[in-house]
Amino acid sequence: MSLPEIPLFLKFFQPFFSGKDPQSGTPPHPHLAPPPQVRSHPSPWLRGGCCERPTAPTVAVRAPGQKQTDRAPAVDSDPARMPPTQAESVIRSIIREIGQECAAHGEIVSETLIAFMVKAVVLDPSNGFNMDRTLMKSDVQNLVQLCMTRLLDTKNPSLDTIKMQVYFDMNYTNRVEFLEEHHRVLESRLGSVTREITDNRACAKEELESLYRKIISYVLLRSGLGSPTDIKTVREVTAALQSVFPQAELGTFLTLSKKDKERQLKELTMIVTGIRLFNRDCGKGGEGVDDLPAVLHVAIPATMQHIDYQLETARSQVYRYTAILEKAANDPLMRAELQPYMLKEALYNIRQYEVFLQIILSDIITGAQEVEMMTKQLAAHLEQLKMTIKSKTAVPTSQVFPIFIALSTLWTSLQDETIVVGVLSNLFTHIQPFLGAHELYFPERVMQCHLNGATVKTDVCRMKEHMEDRVNVADFRKLEWLFPETTANFDKLLIQYRGFCAYTFAATDGLLLPGNPAIGILKYEEKYYTFNSKDAAYSFAENPEHYIDIVREKAKKNAELIQLLELHQQFETLIPYSQMRDADKHYIKPITKCESSTQTDTHILPPTIVRSYEWNEWELRRKAIKLANLHQKVTHSVQTDLSHLRRENCSQVYPPKDTSTQSMREDSTGVPRPQIYLAGLRGGKSRITDEVKTMSLYYSSYTAWQ
């Protein structure tokens, strides 16, 4: 059998490291049993894990009839022309041989770890594997021997880091994907019970009773609230189900289609679950139902506290290792005695552990926020149900069924959070054993001896020291620097090397110091770099390619740096499955902002708008017909009462003149007024009294109007 060229050789190793089954190509999701205080699923029937790890296929060491030769025949220069099955057979043979040799020495190694180690050995330039030639049998033997040597060195911090990375990549899944996979597995396990119900053609009374019992078991198994073997739980579920779906309605249920039956079974499960949760809250039921909010309110803070403690311990160890390495860099005698390469590998190990703890803690914090929100919603729905039902004997289903369904949905989400917390807690527990080399090589007594005279600084202290030292943009005309005040999404930029200073790592042969974004982020070839000081930023900016190449070569010698510093784009054959899942995410570009102004002249060109232009050809047609019709028309004029005011007209008038006239005169008249007097009253010559009549004039004035 021909051996492949090395580039193709590495290419066909990708399925083993990418977290996929080499045969099926699907990623395994091994179940991590939750801790005792948190149950993954209350139902014993569904207990036992989300997914099982697929069994590795058995592969032959040599093809039938193959003869062992000292040199394998050369293959075509084009790697793509070599049959994939032949290259895969060679790779499987190498992996199986390494695994058998390690097992013979008492070390059980997974195929994924072997595949990663084979790539690491091939990429290491010190091992002498030429990427431009075909593998020979002696190369394969040398490769197997080198891999065995590294895999059997169980007390090496570098190997522990690689094992930690492989284990985390194979067992960690983000919340969304994990819950989707968990629900898919639950559906598959319920598939047989569902088919027994939906495919049932019961007619007799005994058959209908058996079908109703199966529906009760389905409701119990799907809800996960209690065991189907618990008599009290079964009675409670039966009573709740009969209140919404009596046995008399089985005839109507059997007439439905398969999809409608499945949909109704899910709705019945949610309604019955809501009823049981309400009865439990009222103290009238809830047999076998755990108090998930109370369990989570205890488990999540305890888990977070434990992870916080381990995280602080790991960071303290990181700061001490960094202080010793900085001290050894200035002391040749100490450097010769200390073996800095071993201490740097221990630093990489504890830094990787810190990164994984931050990922786990972030997921748990997210879960805690979700639990807090769902607990409030659960209490609100229960209170709403109490106000709706109160002491009524009958309530419309349109009012309570939606609330029951909402209760069931919230409880299912709480069950999911319980599983996630358990899995993350178990994952945290299982990566701790990969820190065993620290106590072996660097016990507390040795650490205290080397720390004499050294200053231990935290990452926060290092950033505060250079917080005011910022890059002067005017010093770099061809490079772009980003700052918080000029970039809107400054905190969301994807920093290279996981935020560590590239210059310090290259200049000190692998020392990891966190970069300070406040100094300025360098944008170089669409990638972003941070530095721990202004001097480091200026030095890196003088020749970025030089330092990038140094980091790449260092990662070839220490394969654990590829995942720790996120160098997967430079080593595409070593992309972990967790990074491949996120490869389709959009690249985040910086949104820069600055103060600027502009002025535009108004109407610098004369307007060129053609008012008579018509884009509609039908409008043009109407205008053409109108013009054609005008040739057959004659102009007439007529005057009407309404139109005569529109014509021009004129009239002659006399201008006003000054004149006067007399209109009245004054005059008067005299009117006689007769008066009668008695004469002779005083005596006189005559004794007879006579009446004397006199006349007097009365003058009145009047106005006579002429």
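All residue numbers in this chain count up from 1 along the given sequence.
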Show me the donor-acceptor pairs within less than 3.5 Å that the side chains of residues 501-520 make with the rest of the protein, sequence neighbours left out.
| residue | atom | partner | partner atom | Å |
| --- | --- | --- | --- | --- |
| T504 | OG1 | N532 | OD1 | 3.0 |
| T508 | OG1 | T504 | O | 2.4 |
| T508 | OG1 | L511 | N | 3.3 |
| N516 | OD1 | A518 | N | 3.2 |
| N516 | ND2 | M463 | O | 3.1 |

Show which side-chain atoms of residues 360-371 pair as donor or acceptor with protein atoms under 3.5 Å away, not counting sequence neighbours.
| residue | atom | partner | partner atom | Å |
| --- | --- | --- | --- | --- |
| D363 | OD2 | Y172 | OH | 2.6 |
| T366 | OG1 | S362 | O | 3.0 |

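For P125, the side chain to side chain contact (heavy atoms under 4.5 Å, CB included) partners two or more places apart in sequence, or in a different chain, are E553, K556. Residues meeting the side chain to side chain contact (heavy atoms under 4.5 Å, CB included) test with N543, sequence neighbours left out: E545, H546. With sequence neighbours excluded, the residues forming a ring pair (Phe, Tyr, Trp, His ring centres under 6.0 Å) with F531 are F540, listed by chain and number. Remark: D469 pairs with H466, K534 by the side chain to side chain contact (heavy atoms under 4.5 Å, CB included) rule, at least two apart or across chains. For H438, the ring pair (Phe, Tyr, Trp, His ring centres under 6.0 Å) test picks out Y321, with sequence neighbours left out. Here H306 pairs with F428 under the ring pair (Phe, Tyr, Trp, His ring centres under 6.0 Å) rule; sequence neighbours left out. Taking the ring pair (Phe, Tyr, Trp, His ring centres under 6.0 Å) definition, one finds that Y524 meets it with nothing, sequence neighbours left out. S158 pairs by the side-chain hydrogen bond (donor to acceptor under 3.5 Å, both in side chains) definition with E560, not counting sequence neighbours. Applying the side chain to side chain contact (heavy atoms under 4.5 Å, CB included) test to E180 and every residue at least two apart in sequence or in another chain returns V176. Residues passing the salt bridge (Lys or Arg N to Asp or Glu O under 4.0 Å) test with E444 are R320, sequence neighbours excluded.
One distance of note links CD of E101 with CG of L152; it measures 9.0 Å at 0.5 Å rounding. To the nearest 0.5 angstrom, Y167 atom OH is 13.5 Å from L113 atom CG. From K344, atom NZ reaches atom CG of N558 across 9.5 Å, with rounding to the nearest 0.5 Å. The distance from atom CG of L325 to atom NZ of K327, rounded to the nearest 0.5 Å, is 12.0 Å. Once rounded to the nearest 0.5 Å, the distance linking CG of L159 with OG1 of T149 reads 11.5 Å.
The one candidate from N156, I162, I98, L146 that meets the side-chain contact (heavy atoms from CB on, under 4.5 Å) condition with L151 is I98.
Taking every heavy atom of both residues into account, T530 and G499 meet most closely at OG1-O, 3.2 Å.
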Discussion item. For C449 and V446: C-alpha separation, side-chain torsions, deciding distance, then whether side chain to side chain contact (heavy atoms under 4.5 Å, CB included) applies.
Written reply: CA-CA 5 Å; C449 179; V446 177; 5.7 Å; no

Discussion item. Set out, in order, the CA-CA distance, both residues' side-chain angles and the distance that settles side chain to side chain contact (heavy atoms under 4.5 Å, CB included) for R351 and V355, then state yes or no.
Written reply: CA-CA 6 Å; R351 278 290 188 184; V355 170; 5.7 Å; no

Worksheet entry | Criterion salt bridge (Lys or Arg N to Asp or Glu O under 4.0 Å) on E345 and K554, from CA distance to verdict | CA-CA 12 Å; E345 290 180 352; K554 180 67 176 178; over 6 Å; no

Item to complete: Before giving the answer on side chain to side chain contact (heavy atoms under 4.5 Å, CB included), spell out for F490 and I521 the whole-Å C-alpha distance, their side-chain angles and the decisive distance to 0.1 Å.
Response: CA-CA 9 Å; F490 187 80; I521 296 179; 3.4 Å; yes

Worksheet entry | salt bridge (Lys or Arg N to Asp or Glu O under 4.0 Å) between E465 and K457, intermediate numbers included | CA-CA 10 Å; E465 287 180 355; K457 300 179 182 179; 3.1 Å; yes

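Under 4.0 Å is where a charged nitrogen must lie from a carboxylate oxygen, and between R175 and E181 no such pair does.
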